[in-house]
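Step one of this worksheet: look at the structure below.
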Amino acid sequence: MDLTALHKGQIAEIKCIKEGCPYEVKQRLLDLGFVAEANIRIQNISPLGDPIAYEIHRTLICLRHDDARYVQIEIKEGNDNE
Amino acid sequence: MIMSSACDNCELNPNASLKRLGESTGNVHYTIALAGNPNTGKSTVFNALTGLKQHTGNWPGKTVTRAEGKFAYQDETYRIIDLPGTYSLLSTSEDEEVARNFILFGKPDVTVVVVDASRLERNLSLALQILEITDKTVLCLNLMDEASRHGIHIDIRTLSKDLGIPVVATSARKKEGITELLAAIRQVAEGTFRTKKQQYVRLTGDTGKAVEDISSRLLELDPDLPNVQWLAMRLIEHDKHVVAALTGGDISPLIDGPHSAEIVQAAKKYRSKIGDDYRNKVVEAIYAKSNKLVSDTVSSDSSTRSFRIDRAIDNVVTHRFWGFPIMFLLLGLVLWITIIGANYPSELLSGLLLEKVYPILKTAASMLHFPWWLEGFLIDGVYLATAWVIAVMLPPMAIFFPLFTLLEDFGYLPRVAFNLDNLFRKAGAHGKQALTMSMGFGCNAAGVVATRIINSPREKLIAIITNNFSLCNGRWPTQILIASIFLGALVPKEWAGTVSMLAVVFIAVLGIAFTFFTSWLLSKTLLKGESSFFTLELPPYRPPRFFQTVYTSLLDRTLIVLWRAIVFAAPAGAVIWLISNIDVNGQSIALWMIEGLDPIGIFIGLNGVILLAYVVAIPANEIVIPTIMMLTTMVLGNTAMGHGAGIMFEAGDAEIATLLHTAGWTTLTGINLMLFSLLHNPCSTTIYTIYKETGSRKWTTVATLLPILYGVIVCFLVAQIWHLFS
Ligand SMILES: Nc1nc2c(ncn2[C@@H]2O[C@H](COP(=O)(O)OP(=O)(O)OP(=O)(O)O)[C@@H](O)[C@H]2O)c(=O)[nH]1
Ligand SMILES: [Mg+2]
């Protein structure tokens, strides 16, 4: 599954950046620490539903839906809060 | 050389030997680079060392170009460079290249990596990359005060041992730890601290083999290469700058064209063999190392109160229902305080400059027997225009900018970008445009400069062109005055204030609507394209230091913007005086122009005086109203109110109302003037800034003319609708 399937309250582990992700986007995501084994969870959803602020490596990073779908994840714990 | 004594590192002593030299010139012994993630306090450290006033702010990307300063410490002079913040040195965006090229090719004697002590994982990943390039490095653990508030403890000794470089804890904002930082910089520069070059990032598998092979080929040619693993990594990724530097002999004098071509070829082969996975592996290895360092040296308690407070604030200000109302409320509050607060000092200043100083100057001029034209030109023209701008402009700016800076330092602005991004995305623009748009409410020129944080050139241009639709400080007084004369007067007295306030807010919101509309229009036509990649880090909330903020934003922003406005207002005053006093064929140039412009003006529901005022007042929006009044008096020939041709004057609201009504102004004229004040060309300061930022005449012209076009169309339509119903 990808990052867009994550719900508030869940914690996931990043698996990889998907194939087909534009090079520039992939570079950025990696720079920001979207690497395998990193834990990620949703901190805030913007009032209009997009973008979403994720907590990763103790920082808050906002990604748009279009870019978040390139991040492959696996849910580790927690269930839907919504 | 004198032996360094124990006192050199003593906390009590050496700060006295720090001399902040600002931008002075002279011999330099050592060059220091300040690198690090965005928003870790690099500029704050820079300011503490040099005594300069680089802008700092609680959002990532505050510094966009590198700044230089100097300081002297214990007899040595240091040059220090404040680099833009970067997340890594592996990518190829513009701001990162500034930083990376300097560390790599600028060959600083010491690189100070400023890191956020509360967020070490990500920060150390950059530090590790820098260490791959150079071990002449000092790690500055900044924001220690915040880290201890968050309940984070760092074992500094172990970290220093693990990295093989000095690690210094600082709280740059409080100037804590700066002495120790200086000592560490000096030790590394002079080589008294032997930094240990080691292999920080361990690559395995195919990636590891590839890097090893390229490394050994490089070492064959030059066994002394200091950063061979990093070079190999970059060559395999085919980093253009590194390839060019290698081929050109910039990396090592022993490696030249033919040799390097072979290695570059080999690296290329590896790249196609390992493919896309290569980059993943490298970054994973870096993060694995940085996680290991953190787990060995940092203990933390993420349930501390300060964390919970940060989250609670975020939950409110980005709330599905409350997010937007709070945003408008805060904007409204800042504007309200500015408008109300500026009233009194404005009156005081104009009382002083116009009623006290002006007559004194006049008397002095007549005593010195100035010819009438010189006196008129200098005092009635240049002096009065400048005095008006100071009286009208200084108080709102002196209130608005500090308030805005407080919000900025608190960390709220990135949240605005977060809330509004979806709209900007739909308009084909960049989410960070929300930041530059908010800056525009203070001053459009400042807003245009701030667009440097937007990486994509297309989206940066959109942000520049649309910035003028943020109603700047210089235009608020016009809006408020006209709203109260023409709209407030339509309703019962007790409602007048509210109605005019709402009308002004409506104009500001209309400006935001035009920002979105124009962004959308541009990305469908002249600047075709999809909204590009957007990432934004939301910084932690930082309680601003009130007085410091007020003080520096007064000095840094207000005075600079004011100075530029004065520079432009003085010549405008001269022009107004000249066109009103030079007669051609029996009447003044101004009158000829007004007569010429009148038909066009009436056609779009304005009049010739207003149009001429906007032509004359290009330098500063603040002088629009005084120019209109002066010109109106001249047209009416009513010298009972004015002071004479080409002389601006101060008059109360009621007098202005009478004057304008006599000149045939209607409610329509008032409404259209408010609209035109929003939708007309940027002031000349902004136009000049746009030209400097874009370097393009074409885009400067578009940014200048597009709003006028809007203004004419909108005013025309409103006039037509108005005539239809009345
Ligand atoms: N509490 C605290 N705040 C600090 C400290 N150092 C800097 N700050 C604040 O952190 C914010 C960022 O500081 P800057 O100096 O602008 O950071 P920068 O690294 O230059 O940021 P960029 O130019 O965006 O890369 C500002 O609001 C500073 O006032 C510190 O030691 N303690
Ligand atoms: Mg900075």
Side-chain angles (χ1 to χ4, degrees), chain A residues 3-4 7-9 11 13-73 77 81-82, chain B residues 37 86-93 96 116 118-123 125-126 276-277 279-280 282-284 286-288 290-291 294 300 302 310-311 314-315 317-324 327 414-415 417-423 425-426 431 530-540:
Chain A
L3 196 51
T4 56
H7 287 290
K8 224 174 167 173
I11 296 181
E13 185 183 297
I14 292 179
K15 289 284 138 196
C16 63
I17 307 293
K18 283 191 191 168
E19 301 249 326
C21 173
Y23 186 64
E24 193 205 356
V25 180
K26 179 172 167 174
Q27 275 193 335
R28 266 287 161 203
L29 287 174
L30 288 174
D31 290 348
L32 289 169
F34 287 78
V35 292
E37 290 175 28
N39 284 345
I40 189 165
R41 53 175 210 88
I42 291 181
Q43 171 62 31
N44 287 108
I45 301 172
S46 141
L48 299 171
D50 184 34
I52 289 176
Y54 298 95
E55 192 194 300
I56 178 169
H57 298 297
R58 292 178 159 274
T59 54
L60 292 181
I61 304 288
C62 314
L63 291 186
R64 286 174 176 171
H65 184 276
D66 289 351
D67 302 316
R69 70 201 156 99
Y70 294 118
V71 181
Q72 184 86 28
I73 56 160
E77 56 179 272
N81 258 5
E82 297 209 315
Chain B
N37 277 186
T86 62
Y87 287 109
S88 92
L89 298 179
L90 302 169
S91 293
T92 41
S93 73
E96 289 192 2
D116 178 346
S118 319
R119 290 163 190 79
L120 266 188
E121 277 113 325
R122 156 114 27 81
N123 279 272
S125 95
L126 176 74
D276 250 12
D277 219 23
R279 185 51 146 340
N280 291 354
V282 171
V283 181
E284 273 167 28
I286 294 172
Y287 268 91
S290 122
N291 279 335
V294 169
S300 67
S302 61
D310 262 35
R311 284 185 196 151
D314 265 337
N315 288 340
V317 299
T318 66
H319 189 269
R320 210 170 343 158
F321 305 122
W322 300 118
F324 280 100
M327 220 164 64
R415 271 76 186 179
F418 178 64
N419 285 348
L420 285 177
D421 174 64
N422 201 23
L423 296 175
R425 180 178 63 86
K426 287 191 177 132
E530 290 291 304
S531 173
S532 83
F533 186 50
F534 166 80
T535 52
L536 176 70
E537 179 172 356
L538 298 181

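Residue numbering restarts at 1 for every chain, and letters A, B, ... go by the order of the sequence lines. Everything numeric in this text was worked out from a predicted model, so none of it was measured.
B/R320 contributes atom CZ, which lies 11.0 Å from atom OG of A/S46 (distance to the nearest 0.5 angstrom). Atoms CG and CZ, on A/L63 and B/F533 in that order, are 6.5 Å from each other to the nearest 0.5 Å. Expressed to the nearest 0.5 Å, how far CZ of B/F534 lies from CG of A/D50 amounts to 9.5 Å. Note that the CD atom of A/Q27 and the CZ atom of B/R279 stand 4.5 Å from one another [nearest 0.5 Å].
Contact of B/Y287 with chain A is made through the side chain alone, with heavy-atom distances under 4.5 Å. Using a 4.5 Å cut-off between heavy atoms, B/S118 contacts chain A through its backbone alone, with no side-chain atom that close. Within the 4.5 angstrom heavy-atom criterion, atoms from both the backbone and the side chain of B/R425 approach chain A. Contacts between A/I56 and chain B at a heavy-atom distance below 4.5 Å involve backbone atoms as well as side-chain atoms.
With respect to chain A, the highest number of heavy-atom pairs below 4.5 Å among B/V282, B/I286, B/N419, B/N37 belongs to B/N419. Between chain B and the residues A/A36, A/P51, A/A53, A/A38, the largest count of heavy-atom pairs under 4.5 Å involves A/P51. Ranked by heavy-atom pairs under 4.5 Å with chain B, the list A/K26, A/E19, A/E24 is led by A/K26. Counting heavy-atom pairs closer than 4.5 Å to chain B, the top-ranked of the candidates A/I61, A/I52, A/V25 is A/V25.
Residues A/P47 and B/F324 approach most closely at CB-CE1, 3.5 Å, considering heavy atoms.
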*What do the steps show when you test B/R119 against A/H57 for side-chain contact (heavy atoms from CB on, under 4.5 Å), and what is the final call?*
CA-CA 7 Å; B/R119 290 163 190 79; A/H57 298 297; over 6 Å; no

*Dump the intermediate steps for side-chain contact (heavy atoms from CB on, under 4.5 Å) on B/E284 and A/L30, then the final yes or no.*
CA-CA 8 Å; B/E284 273 167 28; A/L30 288 174; over 6 Å; no

*Would you sort out whether B/D314 and A/L60 count as a side-chain contact (heavy atoms from CB on, under 4.5 Å), showing the intermediate values?*
CA-CA 11 Å; B/D314 265 337; A/L60 292 181; 3.5 Å; yes

*asked:* Evaluate A/L32 against B/T535 for side-chain contact (heavy atoms from CB on, under 4.5 Å), listing each step before the verdict.
replied: CA-CA 9 Å; A/L32 289 169; B/T535 52; 3.7 Å; yes

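Side-chain contact between B/T318 and A/I45 is absent, with no heavy-atom pair separated by less than 4.5 Å. A 4.5 Å side-chain heavy-atom check between A/Q43 and B/N315 finds at least one atom pair inside the cut-off.
Side-chain polar atoms of B/R122 and A/T59 form a donor-acceptor pair below 3.5 angstrom.
Counting non-hydrogen atoms of neighbouring residues, nucleotides and ligands closer than 6.0 angstrom, the CD atom of A/E13 exceeds 12 such neighbours.
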